[in-house]
Student: 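Here it is, the structure, as structure tokens.
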Number of protein chains: 2
Amino acid sequence: MPLSPASVAEQEYLKQIYLLHEDEGRATTQMLADRLGVKPPSVTAMIKRLAEDEDGPLVRHMPYHGVDLTERGVAVALEMLRHHRLIELFLSELLGVPWDRVHEEADRLEHVLSEDLEERIATKLGNPTVDPHGDPIPSREGVIMPREMVRLTELPVGATGVISRIDQQEGPVLQYLASLGLILEETVTVQSIAPFGGVVTVRVGMGGPDSVHALGGDLAKHILIALACDEAEGSRR
Amino acid sequence: MPLSPASVAEQEYLKQIYLLHEDEGRATTQMLADRLGVKPPSVTAMIKRLAEDEDGPLVRHMPYHGVDLTERGVAVALEMLRHHRLIELFLSELLGVPWDRVHEEADRLEHVLSEDLEERIATKLGNPTVDPHGDPIPSREGVIMPREMVRLTELPVGATGVISRIDQQEGPVLQYLASLGLILEETVTVQSIAPFGGVVTVRVGMGGPDSVHALGGDLAKHILIALACDEAEGSRR
DNA sequence: TCCTGAATTTAGACTCATCTAAATATAAGG
DNA sequence: CCTTATATTTAGATGAGTCTAAATTCAGGA
């Protein structure tokens with residue numbers, strides 16, 4: 001139970017550094033500036049503060065080569081992620097906030113959630129391990145339940161699977177996907193994949209030819225698939 | 001629907017100025033400093049900023065003689081109060097947060113509640129007009145439903161009434177009152193009142209002699225009573 | 001009316017988080 | 001190996017919100 005010792009801005013930086021490592025394998029000044037909507041010098045300044053926190057460093061700074069979370073930094077990031085995703089699920093399930101709008105609400109609420117409220121929400125929701133986008137919810141102790149998934153773009157042609165996570169937060173994009181029937185738990189079958197990150201054609205559910213849609217590679221790579229059982233069997237060596 | 005244009009600190013000042021006028025009839029630098037947990041010079045500085053807001057003044061400053069909300073200031077204060085009290089009720093009803101702890105949670109959440117979420121919460125709760133302490137919830141338009149009440153200390157000996165509001169936010173005090181059975185909607189009868197703000201003795205509910213409690217005047221004045229029907233009749237001229 | 005104590009305001013400094021402009025480092029290609 | 005485009009960092013400024021210390025004003029009593 002790490003009593004989050006950081007300001008709202010610090011929490012936001014730590015969370016984005018964590019997410020960038022997850023998404024891109026590293027976190028650079030420029031990437032952080034883009035995600036946080038600030039200019040690069042602001043990022044450098046904040047990284048310096050985080051690296052010299054009086055209660056011990058929250059990040060490691062390799063000048064000109066990006067930034068890295070320490071154990072303490074990871075703990076804060078995971079707490080924010082837990083808050084964020086619990087809130088998303090809570091808003092979605094208990095207040096009917098639409099799927100594509102929970103993210104921005106959670107972004108403001110996550111920083112003012114007490115441990116007590118976090119606990120009550122988790123209990124109310126039955127201690128869930130995934131949020132409405134399929135993103136994993138870390139446990140109180142910072143443990144993330146592992147799940148086997150591949151990106152839609154990495155699936156072989158003809159494969160069938162269940163949409164288990166959508167790795168993309170922007171409202172309009174989520175709305176568009178939902179309008180095609182591409183929502184969590186839906187089954188999809190790959191019809192074709194153009195090479196080099198090209199268009200992916202998928203059939204949604206068990207529907208006929210009008211449930212076939214073409215997706216750009218940039219979009220498709222954010223759709224994560226848990227392989228259907230028979231496929232998973234087949235892939236065992 | 002006044003899109004709250006103020007920072008968190010500004011919102012907090014405006015709210016406390018409003019509450020001080022309600023509680024004490026005026027808001028001085030010292031009173032604000034006490035309630036906000038800051039030093040008097042900080043209050044003076046903030047009042048100056050609020051009085052010279054670029055979109056028009058939020059307060060009127062009478063130097064050395066306190067501060068006053070403008071129409072715009074009142075609108076922001078009422079929006080915060082609406083947020084605060086809706087959140088209190090929401091936490092109490094839907095998450096089982098105890099009566100004496102909702103206040104501090106609401107104090108942090110009220111500043112990050114979107115209009116959309118405010119609306120959803122209000123709808124979910126059936127557009128309530130009172131919170132768990134009996135404090136009125138302003139409407140979206142800033143209208144407060146009027147209710148006839150008197151302080152427990154102002155009731156004549158022998159009078160019976162229903163506890164309708166507890167005008168005091170501190171957790172331990174609320175816990176103590178609850179432990180005596182002095183909770184919202186409970187009926188009380190005044191047994192005796194010592195003069196000059198002294199001890200008030202009340203019988204709680206319809207119970208026997210062990211449901212009689214003595215309350216200090218400072219405590220009793222925060223308990224607001226709606227007169228029981230027959231009493232109300234009797235008081236009509 | 002004057003004096004004194006308390007409340008209030010002014011003056012000046014500090015922290016946090018941001019910015020712009022300028023200097024510097026890195027990596028990639030000729 | 002040098003050159004150049006781009007990323008990063010440094011330097012210095014700004015605004016919000018707070019503080020302490022000192023000056024000022026007010027209000028009540030002698």
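Chain naming here is simple, since letters A, B, ... match the order of the sequence lines and numbering starts at 1 in each. Not measured: the values here are computed from a predicted model.
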Student: Is it true that A:K124 and A:E93 make a salt bridge, defined as a side-chain N closer than 4.0 Å to a carboxylate O?
Tutor: no
Student: With the threshold set at 4.0 Å, does a side-chain nitrogen-carboxylate oxygen contact exist between B:D167 and B:R151?
Tutor: yes
Student: Can you tell me the distance, in whole Å, between the CG atom of B:D34 and the C1' atom of C:dA6?
Tutor: 14 Å
Student: Can you tell me the distance, in whole Å, between the CG atom of A:L36 and the C1' atom of C:dA17?
Tutor: 12 Å
Student: Show me, pair by pair, the donor-acceptor contacts under 3.5 angstrom made by side chains of residues 20-33 of chain A, not counting sequence neighbours?
Tutor:
unit_1: A:H21; atom_1: ND1; unit_2: A:G25; atom_2: O; d: 3.4
unit_1: A:H21; atom_1: NE2; unit_2: A:V67; atom_2: O; d: 2.8
unit_1: A:D23; atom_1: OD2; unit_2: A:R35; atom_2: NH2; d: 2.9
unit_1: A:T28; atom_1: OG1; unit_2: A:M31; atom_2: N; d: 3.2
unit_1: A:Q30; atom_1: NE2; unit_2: A:D34; atom_2: OD1; d: 3.4

Student: Grab the N/O contacts between the protein and nucleotides 15-19 of chain D below 3.5 Å, and write none if there aren't any.
Tutor:
unit_1: D:dG17; atom_1: OP1; unit_2: B:S7; atom_2: OG; d: 2.4
unit_1: D:dG17; atom_1: OP2; unit_2: B:R49; atom_2: NH1; d: 3.1
unit_1: D:dT18; atom_1: OP2; unit_2: B:Y13; atom_2: OH; d: 3.1
unit_1: D:dC19; atom_1: OP2; unit_2: B:K39; atom_2: N; d: 2.9
unit_1: D:dC19; atom_1: OP2; unit_2: B:S42; atom_2: OG; d: 2.5

Student: Measuring from the side chain of A:H61 (C-beta onward, heavy atoms only), which nucleotide among D:dT9, D:dT10, C:dT9 has the closest atom?
Tutor: D:dT9
Student: Answer yes or no: does a side-chain N or O of B:T28 lie under 4.0 Å from OP1 or OP2 of C:dA7?
Tutor: no
Student: Between N or O atoms, less than 3.5 Å apart, protein on one side and nucleotides 24-27 of chain C on the other: list the pairs.
Tutor:
unit_1: C:dA25; atom_1: O4'; unit_2: A:Y64; atom_2: OH; d: 3.3

Student: Within less than 4.0 Å of OP1 or OP2 of D:dT10, is there a side-chain N or O belonging to A:T44?
Tutor: no
Student: Could you give the NZ-to-P distance, from B:K48 to C:dG12, as a whole number of Å?
Tutor: 13 Å
Student: Indicate yes or no: does A:K15 engage A:E12 in a salt bridge with an N to O separation below 4.0 Å.
Tutor: yes
Student: Please state how far atom CD1 in B:I47 lies from atom P in C:dT9, giving the value in whole angstrom units.
Tutor: 6 Å
Student: Go through the structure and list residues passing side chain to side chain contact (heavy atoms under 4.5 Å, CB included) with B:S114, not counting sequence neighbours.
Tutor: A:E105, A:R108, B:D116, B:L117
Student: Keeping B:R82 on the side-chain end and B:A77 on the backbone end, is there a donor-acceptor pair under 3.5 Å?
Tutor: no
Student: Please report, rounded to the nearest Å, how far the C1' atom of C:dA17 is from the CG atom of A:L32.
Tutor: 15 Å
Student: Is the closest side-chain donor-acceptor distance between A:E110 and A:H84 under 3.5 Å?
Tutor: yes
Student: Mind checking side chain to side chain contact (heavy atoms under 4.5 Å, CB included) for A:S92 and listing every partner two or more places apart, or none if nothing turns up?
Tutor: A:V102, A:P132
Student: Would you list the atom pairs, donor with acceptor, under 3.5 Å between side chains in residues 43-60 of chain A and any protein atom, with sequence neighbours excluded?
Tutor:
unit_1: A:T44; atom_1: OG1; unit_2: A:P40; atom_2: O; d: 3.4
unit_1: A:D53; atom_1: OD1; unit_2: A:D55; atom_2: N; d: 2.9
unit_1: A:R60; atom_1: NH2; unit_2: A:L69; atom_2: O; d: 3.1

Student: Expressed as a whole number of angstroms, how long is the span from A:E54:CD to C:dT15:C1'?
Tutor: 12 Å
